[in-house]
There are 2 protein chains.
Amino acid sequence: METAQLSRKDQIDQTATALFRTRGFAATSMRELAAALGMEAGSIYSHIRSKEELLHRICFRLAEEFFAGFDQASADDALPAAPRLRRAVESHVRVLTTDVAASAVFLHEWRHLSEPARTEFLALRERYEAGFRELIAEGAAAGELYAPDPAFAALTLLASLNWLPSWYRPGGSFTPPDIAHRLANQLLFGLEVRGN
Amino acid sequence: METAQLSRKDQIDQTATALFRTRGFAATSMRELAAALGMEAGSIYSHIRSKEELLHRICFRLAEEFFAGFDQASADDALPAAPRLRRAVESHVRVLTTDVAASAVFLHEWRHLSEPARTEFLALRERYEAGFRELIAEGAAAGELYAPDPAFAALTLLASLNWLPSWYRPGGSFTPPDIAHRLANQLLFGLEVRGN
DNA sequence: TACTAATCCTAACGTTCGTTAGCAAAGAAA
DNA sequence: TTTCTTTGCTAACGAACGTTAGGATTAGTA
């Protein structure tokens with residue numbers, strides 16, 4: 001394992017992410033974080049302003065990555081909605097698997113953000129979900145997708161994807177692209193065998 | 001709203017469930033819980049032994065309900081696997097929607113259980129997931145379901161269902177049976193329109 | 001009437017929390 | 001050589017934490 005030349009601040013972010021993921025934000029103490037970094041609790045404040053700043057940075061950085069991936073995946077206007085949806089799903093899975101710990105924090109710990117960051121975060125998440133919703137609605141309107149309620153379909157779809165960090169372990173039997181492919185298939189084709 | 005004749009202990013359980021759900025177990029203080037009940041923090045200990053006992057009761061009660069529902073839904077040996085899976089999905093959704101707050105705690109706060117309860121809980125959850133896995137495998141073996149990897153399919157399926165407590169609000173535009181039906185359809189048939 | 005169980009209070013315990021102040025060492029930049 | 005930045009320490013702050021002890025009140029039961 002190469003330590004690389006991460007700045008001390010980045011090391012703190014990284015260790016905090018891992019701890020917030022496994023123990024939760026509220027249950028992780030600064031002394032615990034410091035111990036994991038081999039330093040004293042007070043010393044951390046030479047690098048950050050507050051505990052919440054750590055959470056804030058993790059959550060909003062991930063939000064940016066999700067958006068960047070989605071925008072790139074759904075941009076191609078020449079493509080029908082269904083394949084663009086597939087690409088968006090694959091992008092979402094890529095972000096999730098690239099940074100599992102941060103993703104888990106992003107998904108579960110945002111409620112410990114205090115206002116106004118919390119509201120701001122929820123607005124971002126809603127906007128992201130809207131992207132999927134519109135893609136599905138577009139596909140449904142064009143007859144490519146069967147989705148009597150695009151909002152419902154979008155929620156279910158993202159739900160399946162977002163559970164991933166709770167069971168995915170890097171180095172397991174599935175590679176991230178493999179997972180992305182399987183998930184997209186299962187969600188788009190379903191489980192039931194139909195006569196075709 | 002009828003208060004009914006809930007015992008004080010049940011009122012505590014109920015209020016604790018609501019608080020653990022919205023603020024998280026670790027971030028909920030006994031003083032906060034007491035205030036929500038209109039009493040002092042120390043008084044709670046006339047009814048319970050510890051804060052963790054509250055979490056323990058919530059988590060294990062829900063586990064029992066999930067098992068009871070699944071066993072009933074999947075028992076009928078005359079039925080093929082696919083419809084039994086559908087019934088199991090509907091049962092799962094019923095438990096989730098009947099007790100949203102407790103379900104959310106069950107799904108997210110179990111990691112704050114200390115040993116050996118934590119390990120015990122995880123074993124229960126694994127056994128529950130295995131039930132779905134076997135149902136899917138059975139259906140796949142019989143050619144009713146398309147699931148190249150039943151374990152993967154089971155994870156994805158439960159993932160879609162378990163996200164429900166994060167958006168479902170009682171009294172919304174969907175009734176619980178409606179949700180169960182739609183979810184089962186979407187998961188079993190998928191989104192993509194196929195030629196049939 | 002006396003006893004019991006349920007319910008809640010005040011006051012405090014020891015511990016841990018996030019955070020700050022003040023100081024020190026070390027290396028890079030001037 | 002001086003200065004600045006980075007990095008870390010010790011010691012402590014006030015606040016909040018889960019929990020306990022001991023006593024009071026009330027309502028139901030014997």
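Letters A, B, ... mirror the listed sequences (proteins, then strands); counts begin at 1.
Cation-pi check for A:R118 over A:W110 is not met; the charged atom does not lie both under 6.0 angstrom from the ring centroid and within 45 degrees of its normal. The cationic group of B:K51 does not satisfy the cation-pi geometry with B:Y45, failing either the under 6.0 Å distance to the six-membered ring centre or the 45° limit from the ring axis.
Put simply, NZ on B:K9 is 13 Å from C1' on C:dA6, counting in whole angstrom units.
No side-chain donor from either of B:Q72 and B:S91 sits under 3.5 Å from a side-chain acceptor of the other. There is a side-chain donor-acceptor pair under 3.5 Å between B:E115 and B:T119. Between the side chains of B:T156 and A:S160, no donor-acceptor pair of N or O atoms lies under 3.5 Å.
Across B:E134, B:E144, B:E138, a single residue satisfies salt bridge (charged side-chain N to carboxylate O under 4.0 Å, His left out) together with B:R84, and that is B:E138.
We find that A:D99 and A:R61 are joined by a salt bridge, their nearest charged nitrogen and carboxylate oxygen being less than 4.0 Å apart.
On the nucleic acid side, DNA chain D has its first and last nucleotide under 4.0 Å of a heavy atom of chain B at D:dC17 to D:dT20, going 5' to 3'.
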Quick tally for nucleotides 15-21 of chain C: nucleotides whose base has a protein heavy atom under 4.0 Å get B, sugar-phosphate-only ones S, the rest -, giving --BBBB-
With side-chain contact (heavy atoms from CB on, under 4.5 Å) as the test, would you mind laying out the steps for B:I179 and B:Y168 before giving the verdict? CA-CA 9 Å; B:I179 291 172; B:Y168 171 71; 3.5 Å; yes
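Phosphate contact (OP1/OP2 of C:dA6, side-chain N/O of B:H47, threshold under 4.0 Å): absent.
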